[in-house]
Amino acid sequence: MKTKKKILAADLACDYHVASNNSPWLLKLPVIRQINFSEHVQELMEEGPRQLDTNADTQNFQRITKAPEMSLFDALARRKSSREFSSKPLDLQKFGQLLGLSNGLRSNVGNANDASRNAPSAGSLCSCEMYVLALNVDDVEKGLYHYDVGAHGLKQIRLGDFKEWVKRMLLLQSELSEASALIFLASNQGRLRTKYGPRAYRLGLLDAGHVSENIYLVSAALNLAVTATGGFIDDELNHSLGLDGVDDCVVLVLAIGEPV
Ligand SMILES: Cc1cc2nc3c(=O)[nH]c(=O)nc-3n(C[C@H](O)[C@H](O)[C@H](O)COP(=O)(O)O)c2cc1C
């Protein structure tokens, strides 16, 4: 009886994840059925989940040598969700600071010998990966990228202008398509599960939550507008990034830009 309970609980962690997927109920709406799965997403879905191409072009950021001047107290006091973005492009190095300080290696910030990350993570497995959609970032071609922590740079996944996709299909929150970039926080559940079994699910969400709060606080310190959203179509987004949605899945999206 005990064993049965254990197996059931293990399945439930995975089932819960699948059951909390937005896609099935969203797809019941006729309007979503019409607009869902644009051409390029269909193309990507045919390719299936992909391993990251280690030879892909990478655009490196400068090493972060100077901390934002705002105190932690002020960053906490100013932190807020803002859904209004200026049309001014996001500065490349500022974007690098945001990604690096939020979830990069400490060696990219100060101590070159410190291999740990700027966000805590369960078992130090760094389960939270950051993917980026560049919509309006200075000197960055529009498209999808993976933030390569080791290189402190953006590794290209696919170039293209995905603004209409974001506006109509991805988040159903058209104002977020005016952001300069979207950061997709993806949980590497497979990595966590090898150590923690079904407990990986809660740990992965907690890891991503820590990174998200870092993004909020660093955005406040860099005077950037930011908002998180849990409203996206899981299958479509995961497939676009080449994630299988189970071992690797997006759990939160953050829109970033210069404030109005
Ligand atoms: C996990 C999470 C999911 C969120 N999802 C959405 C969302 O789908 N749409 C949205 O407009 N804001 C979303 N937000 C932002 C919250 O609405 C916002 O944090 C809340 O209203 C408090 O406002 P504040 O961040 O300015 O303090 C989300 C925030 C978090 C942490």
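We count ligands from 1, going down the list as the structure has it; atoms in each ligand are counted the same way. Worth knowing before you read on, the calculation uses all heavy atoms, side chains too, and leaves out hydrogens, waters and symmetry mates.
Classification of the F61-H152 ring pair by plane angle, with boundaries at 30° and 60°, yields tilted.
A donor atom on one side chain and an acceptor atom on the other are found under 3.5 Å apart for R106 and S116.
Within 4.0 Å of ligand 1, counting heavy atoms only, the contacting residues are R79, K80, S81, R83, Q173, A228, T229, G230, G231, L252.
For the side chain to side chain donor-acceptor pair (under 3.5 Å) test, no residue two or more places apart in sequence or in another chain qualifies with Q59.
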Going by atom type alone, with no hydrogens or angles, which donor-acceptor pairs under 3.5 Å involve a side-chain atom of residues 247-260 and a protein atom two or more places apart or on another chain?
from: D247; atom 1: OD1; to: R193; atom 2: NH1; distance (Å): 2.8
from: E258; atom 1: OE1; to: K94; atom 2: NZ; distance (Å): 3.4
from: E258; atom 1: OE2; to: K94; atom 2: NZ; distance (Å): 3.2

Which donor-acceptor pairs under 3.5 Å do side chains of residues 73-88 form with protein atoms, sequence neighbours excluded?
from: D74; atom 1: OD2; to: S71; atom 2: OG; distance (Å): 3.4
from: S81; atom 1: OG; to: Y216; atom 2: OH; distance (Å): 2.7
from: S86; atom 1: OG; to: K88; atom 2: N; distance (Å): 2.9

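Between atom OH of residue Y147 and atom OG of residue S102 there is a gap of 9.0 Å, rounded to the nearest 0.5 Å.
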